[in-house]
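Residues take their numbers from the sequence shown, with the count starting at 1. Whatever order the structure lists ligands and atoms in, that order sets their numbers, starting from 1.
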Amino acid sequence: MLKDLRVYAHACSAVTHDRVAASKPQHAGRSAGAARVSACATLLVLTFALHAETGHDAWLRYAPLEGAALVRAQSEIPAVIVNLDNSPLAASANAESVRGLRGMIGRTLREEAAIPREGAIVIGTLDEIRQAMPQWNLQADLAPEGYWLKSMDSPGVHYTLIAASDPRGLLYGAAALLRKAAMGESVAALDEKSSPYAPVRWVNDWDNLDGSIERGYGGRSIFWDKLKAREDLTRVSEYGRLLASLGINGCSINNVNANPRILSPEMLPEIARIAAAFRPWGVRTAIAIDFGSPKTIGGLDTFDPLDEKVAAWWKTTFDAIYAAIPDLAGVVLKADSEGRVGPSTYGRTHADAANVVARALKPHGGILLYRGFVYDHHMDWQNLKNDRGRAAWDNFQPLDGKFDDNVIIQIKHGPIDFQVREPASPLFGALEHTNQAIELQITQEYFGQAHHTVFLVPMWKTALDFDMHAAGSTPTPVKALIAGKTFHRPLGGFVGVSNIGLDDDWSGNQLSQANLYGYGRLAWNPDLTSRQIAAEWTRLTFGADPKVDETIASIQLSSWRTYENYTGPLGLQTLTDIVGNHYGVNVEASERNGWGQWHRADEKGVGMDRTVATGTGYIGQYRPAVAKVYESLQTCPDDLLLFLHHVPYAYRLHSGKTVIQYIYDSHYEGAAAVEQYVQQWKTLRGLVDERRYKEILAQLEYQAGQAEVWRDAVNTWFHRESHIDDTAGRVGHYPGRVEAEAMTLDGYAVRDITPFEDASGGQAVACAARGGSCSATTKFSGAPGWYSLRVQYFDQTSGVSHYRVWVGKQLIDEWDADMQLPRAIRLDSTSSTRRLIPGIALRPGDEIRIEGRPGGNEQAALDYIEIVK
Ligand code: GCV
């Protein structure tokens, strides 16, 4: 259908052109030609509307089915829909079904109040359906929030039941039916029961009350603006709809670095408005609170959790909140972490802190997610026994069994902080009498933010599937532990740190939506494979073309490894500026400070010794079966080697390669892989709507340049530190590269760059001529032929410089440095950006001149050019 329209639109555009050319001398009268032009214009508008996808609809586009899928769906979907349940959730399920099917099969189902004598989709709880149709004799035992999609044949009439044990299940059942239809599956003979893997399936949005978002890359907050809930909360209900389609049942609406003001009485109506926007979608609202609130908001002289006044204050406060929002899901609490106050102020334990809040929530059915992300960020880096990785276990394992039943310890998937490669946190295997949840970060804080494509599902699955050997010989993967299955806990589940904001595409990057989708699908069913999730997302988001599916899956499924390859392989962690923007390269930023993200690379070797024998003892926090594998160099997996061991650069991996050569090679492989993604994506031209095609292409092209920046920076650093050459001779040798500082400079001044690895040769050139321009010139001395020119320049946020490139007297390219890169203030790897100019005919002696005109406080800086075949 879309393809047909595209062809027709093309024909129209040809007609339109002819008409314009031919019609100049004519005047009045609506000729047949004009009418045709106008019909074409209408169609073009329609076509444009169909193609101008912003990403706002995400995976709920309900695009028209095509071909056999359409024919089948039209024959299988009945004309009527009946909703037997009068809850707002069932109303959403009903409305969404009508909306989705209208979009996909082009028919609007008739809504009727009772089950008709013709085929119908029937929405209702099991009890309601049994009551309406006792003769169906429906037998099923459905778990809370679970659903049953069931085809029922009464004589001559075919019904499709969306049955559930409760209204939330109806919502999830409707979403599942729509997903099936959108995937082109038959819905004629259904008998599918599904229930969530765990009761807690939340997102945490780190939104500040002023409308900014901590680690948010998709625009400003959909919830907050200027310390109030936004006037227009449409996006909140749209977000609720997206979340409901995945089975997410709770959302914490403010930053875990909580502004205490969230608990002040004037915020109650604001929270209530947000809760109302979410409610029809079965998403219960939660809030993040500050542990010092009894003092800062309550006016008490203490927030000691064992003080009765404090307990009473929490009780009164939550009684008032629940009076306004009876279905508040609960609370998230970050205490004694990264400067937040906590029980340590009074020498109390985390259990004391958690329980005093949990007891105030308990009468209302509320739960407390108490974050396990507690560590000392002022540790002595010179003490080789210190280890931030130990912190979660050290803080919480001794308290196992001391937490109330409505407390859940929310544990980041790895022991540090969402790094590109970490082992599963040992704490998962150490809590037998305490509820736990896994915290996964959907927002790509350490994963290139909105500028790099990294599909996180394979990484999350690695953690979820990891067997902690926590109960003898029974397999105890992390997913079973956090769902409470292993130790029969009443509560537990999944928390995802969300990646959405007000941007049209929600996440600042079309492909990053897949991470929210994947998180939600895993929270419902962690046994889904990464491939299944990628296929679903791609089909729902971009349509049914198999080439689109294969290409996007191939990019997505390799993207974590690719990103790891060009950032920090072998368990080094993301070698970014951990005290700055968490984006650009800064290999040493993690060292010589108290934050504890140390990799301990020096001239002799690299890696954190976390062994029991000689290191920090972290490995001993795992159960013996796991500890044994990690402790020994013989069995420790290469991917985690440098997270767990300190080894010399010449140490040989299981593959036989030395550590240093692996570092070099993986960076080249990673950068080459992104270059390949660009080529793969280009094959989708015409198969993906133009706007999203171009946006993704631009993003991948940028990422390819940035991956090279990473490659060169990390390799340069390790080369200089280790004094060991790359056996393939690449590191330090860049064919066709001409350093800006080696060019003939007019106005440009040479600058040393910090850290040195962030610019080629450790230097760049910057132009101080305000209002004027500078130039850097070189003479081409290679063989005549076609070349590509790469200009590596610096795009800071402090202004917009203009660049022009000349070959001899011919201007061959010009552009503005106007990207908004994350806190790109300095000349470093964050602002370092590549301009690719393909197809240039060069002859020996040609003069290549780059002219930079500074704009604002940006200095039109240049790192190098590369002239490549
Ligand atoms: C919300 C990391 C992030 C912080 C975040 C913290 C946390 O340190 O950089 O932005 O704070 O984790 O998870 O609490």
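One finds a salt bridge joining R489 and D405 here, because a Lys/Arg side-chain nitrogen approaches an Asp/Glu carboxylate oxygen to under 4.0 Å.
Donor-acceptor pairing under 3.5 Å is lacking for the side chains of E445 and Q449. Counted by atom type alone, T830 and N581 present one or more donor-acceptor pairs between their side chains at under 3.5 Å.
Checked by atom type and distance alone, the side chain of T797 never pairs as donor or acceptor with a backbone atom of R823 at under 3.5 Å. A donor-acceptor contact shorter than 3.5 Å is absent between the side chain of Y517 and the backbone of A58.
Using a heavy-atom distance under 4.0 Å as the criterion, the protein contacts of ligand 1 are W206, E214, R215, N255, V256, N257, K334, E338, R371, F373, K412, D417, E445, H582.
Applying the salt bridge (Lys or Arg N to Asp or Glu O under 4.0 Å) test to pairs two or more places apart or on separate chains, those with a residue in residues 426-437 are E432-R623.
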